[in-house]
Amino acid sequence: MKRKKKPKKLFGVLDEQQARLAIVALFIIAFSLRLYYLQPGLWHTDSVIAAQEAERSVEKGRLHYLQGDVGYGGFAAFNTLIYLIWHTATGSDSAEGVLLFTNALLGALGCVLIYYLTVKLTESREAGIYAGIILAFLPLHLSLSTYLKDLVLGSAALMATAYALIKAREEDTTHLKVLAGALWGFAIAVRHQELLFLAPLILFYYHDSPPFELKRKRRGGWKFSLMEDPFDVIRDVSIIVVTGLVVFVLFYVPKMMHEPGFSLFEAIRSAGSAQGQAGVGLFTETFTRYSIPWATKTLTYLGWLVLIGSIVVNYGRGRRGVWLVLVAWMTLYFMIFGNFSGASPYFFFHAFPPAVMMMGWGLEYLQRNWGNIANIVVILLVAWMFIGFKPVLDYRRMECGPCEFSKRIAEVAPGRYVVIGMDETRHYEYYGHPIMGLGHPNPFQTDEMTKHMKMLDDYMSNGTAVYITTAGLSYEPINLQGLIERGAIQFDPELMVPVNRMNMKPYMNIVYDKENGMLVDAETGSPIPPSGLYGLELFNRYKSTIVFSMETEDWHHADLDQSKYTTTLFKLEPRQRQMMVEAVEEN
């Protein structure tokens, strides 16, 4: 009888030595790719803040946290440690280069981690290699690895947690359970949303044999029975979870010491509430309009086909615990963060490592049964991912728009100056070095507005120049059109001057140019960007002139897009007189 020929395996038969060579090759490819496309500056505002606070931590001798209520203590501590080592070794006063390099390194190490975790779960080196290759070229992971962001570190911490959980279960040793809990606690401190990993965490620990069984009785109803000693279950889960929460809290001890009113629980609650906003429920408009297209951009249509096929095929392969933990991890993160009303692609990034592992496992099944068809599929998939995303990488590699804009401000604003710019003020401070970057107050709060205007008056009277950028007019509760629609302002029908309906005072220094269809400064003729109430109040009080405009990247939601916009720098000066609007009637 003729023996059936076995299908060839990827790289031949992967023995242990060949697998090591494959891992080294995987790391070199992933790291080289990330180094080549590394951003030439701190493109994202969060990146600037991370570098800025690491430098301040070393300079002041205590941990400085990132912005927001929770402060991301794990990420801040990690960056500070890396910069401290670099600063001590080289004397450098800039954390920019070393933190960007470290993030690229973490991205490449994540591709190696996913190999080991996939092999541990599936007992297949081929599945691990497939998963590592896909993650190395996955657009969202590649994007996040080329600029400084906490997601890459958090993802590595979660994968290390999962690996430690499996080892702890195998060896049943307390020190591995403590290690797994500590890694999870660090992941939460890096990004507090990893509290959600509690469900996958327990599933990972019991993936080989669940602690309970739920079966349907012959005559209806369900039968629940414990498969293990309940005290063992309580003990093991408690060691892991309590260790994790203790480690998490330890990262915030410095903040609690220096900020007596700081409540960690309240910080997490308020931060989660702010990020979730209206994102309650499943399949919201955000999910269908943004999250699914974003996921398709990073997975591609072929990737969706491979993922769905892998989920179906792997369900019947006899390792239901592995299938369950990967599907649960993937679904939990994608459905929750994909429905955030203020979502960006990176919010549901942690859904992709389990998806990639599932894809690697499915490709290994295809390779086992169909040979090189699996290799062709993975080559096509990687090529589709990379070619589609390459223009974005090429564009972002050329220059750092927010960095260049900030440096340009410093060139045109000699001496002492302040800039109003909201989140982007961190870029201005890091690269442009004003004496201060300012946000703007809530224009519906009269007291806040009065204090803000007095502060600007004081700066100008002391010889400090005051500038505002297009970004400084953002984040208003309602934009100009919204204010008109709800009746907060109106246009005088004869003079075409906007009127504040809250106090019925006309904005005498702002007029509507009917010919060009825009608002202009009545004294200088400079166009005024359509904005909300704050912009109207500000430009009515101060004379504005355009200093320069520049095209730059918009870092909001731009992980997978070439998102550009034109930003403008305005100089504000005291008005010499209250403008009259007789000339407006001529328009």
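Distance check: Ile85 CD1 to Thr80 OG1 gives 11.0 Å after rounding to the nearest 0.5 Å. Between the CG atom of Asn509 and the CZ atom of Arg541 there is a distance of 11.0 Å, given to the nearest 0.5 Å. For the atom pair CZ (Phe386) and CG (Leu138), the distance works out to 13.0 Å, reported to the nearest 0.5 Å. Here the OG1 atom belonging to Thr470 is positioned 13.5 Å from the CE atom belonging to Met422, to the nearest 0.5 angstrom. Remark: Ile420 CD1 to Thr425 OG1 distance equals 10.5 Å, nearest 0.5 Å. To the nearest 0.5 angstrom, Phe197 atom CZ is 6.5 Å from Tyr333 atom OH.
For residues 88-103, the side-chain hydrogen bond (donor to acceptor under 3.5 Å, both in side chains) pairs, not counting sequence neighbours, are Glu96-Tyr431.
In this structure, Leu135 and Val356 approach most closely via the heavy-atom pair N-CG1, 4.0 Å. Shown here for Gly338 and Ser291, the closest heavy-atom pair between the two residues is O-OG, 2.6 Å. Annotation for Arg62 and His258: closest pair CD-NE2, 3.3 Å, computed over non-hydrogen atoms. Here the shortest heavy-atom pairing between Arg34 and Ala108 reads CD-N, 3.9 Å. Considering all non-hydrogen atoms of both residues, Tyr395 and Thr552 come closest at OH-C, 4.3 Å. Heavy atoms only, all atoms of each residue included: Leu33 and Ala136 are closest at CD2-O, 3.9 Å.
Side chain of Thr450 to backbone of Thr446: a donor-acceptor contact under 3.5 angstrom is found. At distances below 3.5 Å, not a single donor-acceptor pair connects side-chain atoms of Ser344 with backbone N or O atoms of Phe347. Using a distance-only test at 3.5 Å, with no hydrogens or angles considered, no donor-acceptor pair links the side chain of Thr567 to the main chain of Met550. For Thr146 (side chain) and Gln39 (main-chain N/O), no donor-acceptor pair under 3.5 Å exists by modelled atom type. Glu429 contributes a side-chain N or O that, together with a main-chain N or O of Gly437, makes up a donor-acceptor pair within less than 3.5 Å. Although no hydrogens or angles enter the test, the distance criterion places a donor-acceptor pair under 3.5 Å between the side chain of Ser47 and the main chain of Leu148. Distance alone, capped at 3.5 Å, is enough to place a donor-acceptor pair between the Ser57 side chain and the His64 backbone. Using modelled atom types, one side-chain atom of Ser461 and one backbone atom of Asp458 make a donor-acceptor pair closer than 3.5 Å. Panel note: side chain Asn79, backbone Leu99; no donor-acceptor pair is recorded below 3.5 Å. Using a distance-only test at 3.5 Å, with no hydrogens or angles considered, a donor-acceptor pair links the side chain of Arg397 to the main chain of Tyr36.
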- Task: Report the C-alpha separation of Leu144 and Asp559 in whole Å, then their side-chain angles, then the decisive distance to 0.1 Å, and conclude whether the side chain to side chain contact (heavy atoms under 4.5 Å, CB included) test is met.
- Result: CA-CA 7 Å; Leu144 290 165; Asp559 280 287; 3.7 Å; yes
- Message: Please determine whether side chain to side chain contact (heavy atoms under 4.5 Å, CB included) holds for the pair Phe251 and Leu63, giving the CA-CA distance in whole Å, both sets of side-chain angles, and the decisive distance to 0.1 Å.
- Response: CA-CA 9 Å; Phe251 278 99; Leu63 186 62; 5.7 Å; no
- Item | Step-by-step side chain to side chain contact (heavy atoms under 4.5 Å, CB included) determination, Ile468 to Leu473 | CA-CA 8 Å; Ile468 185 168; Leu473 298 166; 3.7 Å; yes
- Would you please test Leu42 and Leu100 for side chain to side chain contact (heavy atoms under 4.5 Å, CB included) and show each step? CA-CA 8 Å; Leu42 299 169; Leu100 283 169; 4.1 Å; yes
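Here the two rings, on Phe137 and Phe389, have centers that are 6.0 Å apart or farther. Ring pair Tyr72/His192: centre-to-centre distance below 6.0 Å. Aromatic pair Phe548/Phe570: centroids not less than 6.0 angstrom apart. Taking the six-membered ring for Trp and the full ring otherwise, the centers of Phe101 and Phe31 sit less than 6.0 Å from each other. A centroid separation of less than 6.0 Å is found between the aromatic rings of Phe334 and Phe348. You'll find the ring centres of His141 and Phe349 inside the 6.0 Å limit.
The shortest distance between side-chain heavy atoms of Leu569 and Ile409 falls below 4.5 Å. A heavy-atom distance below 4.5 Å is not found between the side chains of Leu250 and Phe186. Contact annotation: the side chain of Val520 approaches that of Val511 to within less than 4.5 Å [non-hydrogen atoms, C-beta and beyond]. Contact annotation: the side chain of Val70 never approaches that of Lys255 to less than 4.5 Å [non-hydrogen atoms, C-beta and beyond]. Residues Val412 and Tyr467 are not in side-chain contact: their nearest non-hydrogen atoms beyond the backbone lie 4.5 Å or more apart. Residues Val466 and Lys571 form no side-chain contact, since every pair of their non-hydrogen atoms from C-beta on lies 4.5 Å or further apart. At a threshold of 4.5 Å between non-hydrogen side-chain atoms, the residues Glu537 and Met449 count as touching. Annotation: side chain of Met256 is in contact with side chain of Leu264 (closest heavy-atom distance under 4.5 Å).
Contact check on Asp521 versus Arg575 returns a salt bridge, with a Lys/Arg side-chain nitrogen under 4.0 Å from an Asp/Glu carboxylate oxygen. Salt bridge status for Arg56 with Glu53: present, with a side-chain N to carboxylate O gap under 4.0 Å. Taking the charged nitrogens against the carboxylate oxygens, Lys451 and Asp447 have no contact shorter than 4.0 Å, which rules out a salt bridge.
Residue Met455 qualifies as enclosed at atom CE: its count of foreign heavy atoms under 6.0 Å is above 12.
Relative to the six-membered ring of Tyr37, Arg396 misses at least one condition, a distance below 6.0 Å or an angle of at most 45° to the axis.
For Cys400, the disulfide (SG to SG under 2.5 Å) partners are Cys403, not counting sequence neighbours. The ring-ring contact (aromatic ring centres under 6.0 Å, His included) search around Tyr252 returns Tyr65, Phe248, not counting sequence neighbours.
No hydrogens or angles considered: nothing links the side chains of Tyr428 and His433 as a donor-acceptor pair under 3.5 Å. A side-chain N or O of Glu194 and one of His350 form a donor-acceptor pair less than 3.5 Å apart. Judged by distance alone, the side chains of Tyr542 and Asp457 do bring a donor and an acceptor atom under 3.5 Å apart.
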